[in-house]
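Reading through the structure tokens given below for one structure.
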2 protein chains.
Amino acid sequence: MSENARIYQLPGPRGLDRLDHRPEPLWREVLGHRLRRLRLHRGETLLETAAAAGISPQYLSEIERGRKEPSSEMIAAVAGALDTDLLDLTEQVTAELRRESRAAPLEPTPSRATTQAMLALAA
Amino acid sequence: MSENARIYQLPGPRGLDRLDHRPEPLWREVLGHRLRRLRLHRGETLLETAAAAGISPQYLSEIERGRKEPSSEMIAAVAGALDTDLLDLTEQVTAELRRESRAAPLEPTPSRATTQAMLALAA
DNA sequence: CGGTTCGTCTGCCCTCGGCAGAACGCCTCC
DNA sequence: GGAGGCGTTCTGCCGAGGGCAGACGAACCG
């Protein structure tokens with residue numbers, strides 16, 4: 001549990017709760033976000049999931065943070081390691097994108113303004 | 001319309017109607033398939049859509065055939081050229097994956113056996 | 001037949017995927 | 001306090017492959 005507490009102390013909600021500020025986030029961002037969510041939900045470390053997927057933990061970290069563009073085989077490998085598949089993943093990515101598009105209206109919602117203020121403080 | 005007639009005379013249904021024989025197809029295959037469907041539905045050539053997306057027609061062809069792994073920015077650019085977005089695309093990819101998973105039960109369906117016979121003849 | 005259009009093949013430059021080692025932050029223990 | 005362990009991110013770098021231009025093949029038309 002201490003690991004989870006540590007995770008929540010990471011730099012900011014941006015890594016976990018906010019995607020990029022573009023009109024629409026990029027595929028790798030949403031995907032990565034979803035993969036991290038799944039991994040944390042299973043209570044696994046980068047090391048464990050990466051090992052199960054046959055990749056390095058460093059690389060999995062970058063995938064989750066949308067820093068690298070995983071190949072389709074990599075996506076499949078990580079999905080397998082998380083006991084899910086491409087169908088589930090794309091479904092969840094779709095759901096997340098839908099949530100995002102609803103959460104980004106022309107007028108800022110209170111939680112959105114709060115998040116931006118938090119980001120300004122962090123910067 | 002002659003262009004469409006020509007398209008249907010391409011090497012086989014595999015390019016358009018059958019994805020890979022793996023338990024689950026790869027992301028780039030389903031995505032590419034979907035992108036080609038969209039483009040053809042709009043009656044556009046590779047040249048037109050590629051130009052609108054700011055990429056080469058050769059490259060778009062490869063993306064559509066699942067030969068190359070497009071970056072997230074490329075996916076967004078092609079989506080934009082096809083007047084769609086990532087949300088729509090992932091939604092359709094999900095739908096297609098669902099269809100695929102239903103179309104691949106343990107016992108072969110008649111259409112599946114027919115397709116395999118066709119592929120054997122083509123090989 | 002030659003010309004045109006469309007899609008695919010091929011070779012290649014250069015960007016970035018994927019890794020290993022280093023660094024960082026946090027926690028526990030002595 | 002320091003040492004050690006753990007989890008994650010940073011950094012540098014080799015080689016895989018993204019993306020392109022030119023060539024090629026198939027189909028169609030006059």
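Residue numbering restarts at 1 for every chain, and letters A, B, ... go by the order of the sequence lines.
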Quick one: is [N] close enough that its OP1 or OP2 comes under 4.0 Å of any side-chain N or O from [X]?
X: B/R65; N: C/dC9; result: yes
X: B/S61; N: C/dG7; result: no
X: A/R67; N: D/dC10; result: yes

Item to check | Residue pairs fulfilling salt bridge (charged side-chain N to carboxylate O under 4.0 Å, His left out) with at least one residue in residues 47-57 of chain A, sequence neighbours excluded | outcome: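 As it turns out, there is no salt bridge (charged side-chain N to carboxylate O under 4.0 Å, His left out) pair with a partner in residues 47-57 of chain A once direct neighbours are skipped.
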Checklist entry - Looking at CG of A/L89 and CD of A/E96, how far apart are the two atoms once the value is rounded to the nearest 0.5 Å? => result 11.0 Å
Next on the checklist: Quick check against the 3.5 Å criterion: does B/E24 have a side-chain atom that pairs as donor or acceptor with the backbone of A/L87?
Outcome noted: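 A pair under 3.5 Å: yes.
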Checklist entry - Is a side-chain N or O of B/S61 found less than 3.5 angstrom from the main chain of B/P57, in a donor-acceptor match? => result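 Here the side-chain-to-backbone pair does not exist.
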Next on the checklist: Once salt bridge (charged side-chain N to carboxylate O under 4.0 Å, His left out) is applied, do any residues pair with A/R67, and if so which ones, sequence neighbours excluded?
Outcome noted: none
What's the [atom1]-[atom2] distance between [X] and [N], to the nearest Å?
X: A/E48; N: D/dG7; atom1: CD; atom2: P; answer: 7 Å
X: A/L47; N: D/dC6; atom1: CG; atom2: C1'; answer: 9 Å
X: A/R39; N: D/dT8; atom1: CZ; atom2: P; answer: 5 Å
X: B/E64; N: C/dC6; atom1: CD; atom2: P; answer: 14 Å
X: B/R28; N: D/dG18; atom1: CZ; atom2: C1'; answer: 12 Å
X: A/E73; N: C/dG17; atom1: CD; atom2: C1'; answer: 13 Å
X: A/L60; N: D/dG7; atom1: CG; atom2: C1'; answer: 12 Å
X: A/M74; N: C/dC16; atom1: CE; atom2: C1'; answer: 13 Å

Proximity to the side chain of [X] - top-ranked nucleotide from [options]:
X: A/I55; options: C/dC19, D/dC20, D/dC10; value: C/dC19
X: A/R36; options: C/dT8, C/dC9, D/dT8; value: D/dT8
X: A/E69; options: C/dG17, D/dT9, C/dC6; value: C/dG17
X: A/K68; options: D/dC20, C/dG17, C/dT8; value: C/dG17

Item to check | Sugar-phosphate, base or nothing in reach of B/E62, heavy atoms under 4.0 Å | outcome: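 Counting heavy atoms under 4.0 Å across all strands, the contact made by B/E62 includes a base.
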Checklist entry - Does some side-chain heavy atom of A/V93 sit less than 4.5 Å from a side-chain heavy atom of A/W27? => result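 Of all side-chain heavy-atom pairs linking A/V93 with A/W27, at least one is under 4.5 Å.
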Protein and nucleotides 21-23 of chain C: nitrogen or oxygen contacts under 3.5 angstrom:
residue: C/dG21; atom: N7; partner: A/Q58; partner atom: NE2; Å: 3.4
residue: C/dG21; atom: O6; partner: A/Q58; partner atom: NE2; Å: 2.9

Item to check | Among B/H33, B/R34, B/R28, B/R36, side chain to side chain donor-acceptor pair (under 3.5 Å) partner for B/E64 | outcome: B/R36
Checklist entry - Taking for each residue the nucleotide of DNA chain D bearing the nearest heavy atom, is the 5' side occupied by B/S71 or by A/L46? => result A/L46
